[in-house]
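Each remark here refers to the structure printed beneath this line.
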Amino acid sequence: MRKLHHIGLLITFVCLATGVAKAQSFQVQCPTNTITHPDLSNAGVNNSEPAYTGPTYTGNSQTYASHGAGHVNGAIKCQQISGGDGFATMGDGSQTYMFSFGPLSGLANIAAGLPGTGFPFEFNTVPSVPLVPGDPATTGNPFNGAVGLAPETYTDPLTGNPITVMNGHVDPRPIMDVGVMNGNIPAPLMAIDEDDEFFLTLTNVGQIMRPDLFEQHTVHFHGYPNASSFYDGVPDASVAINIGGSFTYYYLAPDAGTYFWHCHISPPEHLQMGMVGQIYVRPRQNRVPAGTALRAALVTQQGNLRTACNSATDILCTNPLPAVDTGATGGGKYAYNDGDGTTAYDVEYPLQIHGFDPNFHFVGMTFNPESFADMKDKYFLLNGRSYPDTVKAGPLETQSADGVNHFSQPLSAIINIPLGKKALLRISDLDVSEFQTLASLGIPMHVIGLNAKLLRDQAGNNLAYDTNSITLGGGESLDVILDATDTTKYPSGSVFYLYTPNLDHLSNDAENFGGLMTEVHIN
């Protein structure tokens, strides 16, 4: 009888957790215009990135609201994610349970290993066919809109006629169909450009495998200079999202660089269980027109009051003018606003380092208390995968407790460098209990940025350096360029390795396939 009582209690919790979510009214936000990014002509100007030709606001007669007088940079970007749980498969074939974030927009892009962040015209769409559990939205017409977004019809009080609008109203059924048990590791990738306004909606769908937990979730952008504590994700100073609720975070894109984000509810537990992801900010320099001198463009950027800095007096100046004018011109891809082209690259790869204790995850799936004091990482991951899964292209899927295959590990870790080109590695470590080292055999690592800051002193001297290994602690990031422009040293078909020299981190649980290693291919 006691066992039957426990089973009945479990069923009650499950029904309550899902019922609460369905009873709520989820909402999303992705406006087509704002005060700082107006679209007075309704021409869709916020659906693309404008070229950078001058500061948005300089404090003179120019205003945000007048497109004729003032130049408005950046655009509006949106993304929706779920907070819940799921399963992932390790390199040795074992499945592990996670607390995790999953995608609720940009599904096709995320399944292709791309950021799920989109312009309003992408986000504010509905699928041509209903989505089903585990659907990566890659079949038929690829879908990158917000899951569950639905038109709402109301009566115009002036005319009495029905009006159908897209105002952020969401149907909870597809939210639950797609979001439940659909956790990703790493969490959905995000990418924005300097001067963008970013609207990020977090929808808490509940942790179905732990119906006894009424867990709240938040999004905290680690190291991200957020002007408002209200959107910082630390529940003591902001808000936390309950099961069945949605909340839209608002950010004005900060300086370029590689950042990361995580849940800030019981951080050691939720980070250890997998609620970690990466976000990077592309520099304005990417939008400098071809043929325009990069140094002159950087001088122009210093006229923007929001990001202006005087390297002679401001020790926090993020982008001092380079000491040497290289004569470089725009039209390429850059990691930072360097003014001299020294951070140029051709292809980029985010690499998130993460480790976890499988025993902690197993206990996390039961009703037992986790033993934080005994926590020791034994599985080591790059983008949620361990070798040899790191070199598999495309998303990895795992069958969860609902009997459906979910694409829980969408982000490959293989690095493909076109012949004679450069690759930017955006490396972040979101480990809880270990330092992690990565070594590159054959291609030196050219380190250009640390913790989203360009390696340059206030006099403009370049402090970038070459090394064959880097070491990161939890909460740190590095920007590294692998330069394969010398086709004699790096001919087509070459294979190199990116791996950890910590031998006990090269396997799963010190005995099986897995570990912190991937391959670099010259194509």
* Asked: Just by distance, with hydrogens left out, do Thr201 and Ser246 show a side-chain donor and acceptor under 3.5 Å apart?
  -> no

* Asked: Just by modelled atom types, is the Gly113 backbone N or O under 3.5 Å from a matching donor or acceptor in the Asn109 side chain?
  -> no

* Structure fact -> Heavy-atom nearest pair, Ala51 first then Pro289, reads CB-CG, 4.2 Å

* Are Asn46 and His37 close enough that a side-chain donor and a side-chain acceptor fall under 3.5 Å? -> no

* To do: Would you sort out whether Gln80 and Thr203 count as a side chain to side chain donor-acceptor pair (under 3.5 Å), showing the intermediate values?
  => CA-CA 7 Å; Gln80 183 182 198; Thr203 298; 3.2 Å; yes

* Structure fact -> Tightest non-hydrogen contact, residues Pro188 and Ile110, listed as CB-CD1, 3.8 Å

* Do side-chain atoms of Thr292 reach the backbone of Val288 as a donor and acceptor pair under 3.5 angstrom? -> no

* To do: State whether a side-chain donor-acceptor pair under 3.5 Å links Gln278 with Tyr259.
  => no

* Within a strict 4.5 Å, meaning less than it, do heavy atoms of the Ser408 and Phe87 side chains meet? -> no

* **Side-chain donor-acceptor pair present, Ser428, Gln352, cut-off under 3.5 Å** => no

* Do any N or O atoms from the side chain of Gln79 and from the backbone of Thr117 form a donor-acceptor pair under 3.5 angstrom? -> yes

* Asked: With distance as the sole test, does Thr89 use its side chain to make a donor-acceptor pair with the main-chain N or O of Gln95 at under 3.5 Å?
  -> no

* To do: Look at the side chain of Asp232 and the backbone N and O of Val234, then say whether any donor-acceptor pair between them is shorter than 3.5 Å.
  => no

* Measure across Gly303 and Pro55 and return the closest heavy-atom pair with its distance rounded to 0.1 Å. => C-CG, 3.8 Å

* To do: Examine the side chains of Asp196 and Tyr251 and answer whether a donor and an acceptor come within less than 3.5 Å of each other.
  => no

* Asked: Distance only, no hydrogens: is a donor on one side chain within 3.5 Å (strictly under) of an acceptor on the other, for Asp479 and Thr258?
  -> yes

* Has the side chain of Asp85 got a donor or acceptor atom that lies under 3.5 Å from a matching backbone atom of Ile208? -> yes

* Does the ring-ring contact (aromatic ring centres under 6.0 Å, His included) test come out yes or no for Tyr249 and Phe247, once each step is laid out? -> CA-CA 6 Å; Tyr249 293 86; Phe247 180 76; 5.0 Å; yes

* Taking 4.0 angstrom as the limit, do Lys77 and Glu49 come out as a salt bridge? -> yes

* Asked: Between Ile175 and Val170, what is the shortest heavy-atom contact and its length?
  -> CG1-CG1, 3.5 Å

* Over all atoms of both residues, closest heavy-atom pair of Gly86 and Ser100 -> N-OG, 3.7 Å

* Can you check whether Ser412's main-chain N or O pairs, donor with acceptor, with Asn383's side chain at less than 3.5 Å? -> yes

* Find out whether Leu294 and Tyr334 are in side-chain contact, i.e. whether some heavy atom of one side chain is under 4.5 Å from a heavy atom of the other. => yes

* Pairing of Arg282 and Asp193 as salt bridge, 4.0 angstrom limit -> yes

* Are Val147 and Ser105 close enough that some pair of their side-chain heavy atoms sits under 4.5 Å apart? -> no

* Asked: Short question: side chain of Asp429, backbone of Gly475 - any donor-acceptor pair under 3.5 Å?
  -> no

* Asked: Can Glu197 and Thr34 be counted as having a side-chain donor-acceptor contact under 3.5 angstrom?
  -> yes

* To do: Check whether any side-chain heavy atom of Leu424 lies under 4.5 Å from a side-chain heavy atom of Tyr349, and answer yes or no.
  => no

* Asked: Is a salt bridge present between Arg210 and Asp212, judged by a nitrogen-to-oxygen distance below 4.0 Å?
  -> yes

* Asked: Is the shortest heavy-atom distance from the side chain of His270 to the side chain of His217 under 4.5 Å?
  -> yes

* Verify whether one side chain among Glu152 and Thr164 offers a donor that lies under 3.5 Å from an acceptor in the other. => no

* **His361 side-chain N/O to Tyr97 backbone N/O, donor-acceptor pair under 3.5 Å** => yes

* To do: For Asn242 and Gln216, test the side chains for any donor-to-acceptor distance below 3.5 angstrom and give the result as yes or no.
  => yes

* Please state whether the rings of Phe121 and Phe119 are parallel, tilted or perpendicular, taking 30° and 60° as the class boundaries. => parallel

* Structure fact -> In short, Asn204 meets Ile243 closest at the heavy-atom pair ND2-N, 3.5 Å

* Taking the side chain as every heavy atom from C-beta outward, state whether Asn319 and Asp338 have any atom pair closer than 4.5 Å. => no

* Asked: Between Tyr280 and Arg426, is there a cation-pi geometry (under 6.0 Å to ring centre, at most 45° from the normal)?
  -> yes

* Among Asn182, Asn184, Thr398, side-chain hydrogen bond (donor to acceptor under 3.5 Å, both in side chains) partner for His406 -> Asn182

* Asked: Would a distance-only check, ignoring hydrogens and angles, find a side-chain to backbone donor-acceptor pair under 3.5 Å from Asn144 to Glu122?
  -> no

* Asked: Can a donor-acceptor pair be found between the side chains of Thr32 and Asp39 at a distance below 3.5 Å?
  -> no

* **Donor on one side chain, acceptor on other, Gln285 and Asn337, under 3.5 Å** => no

* Electrostatic pair Arg284-Asp195, nearest N-O below 4.0 angstrom -> yes

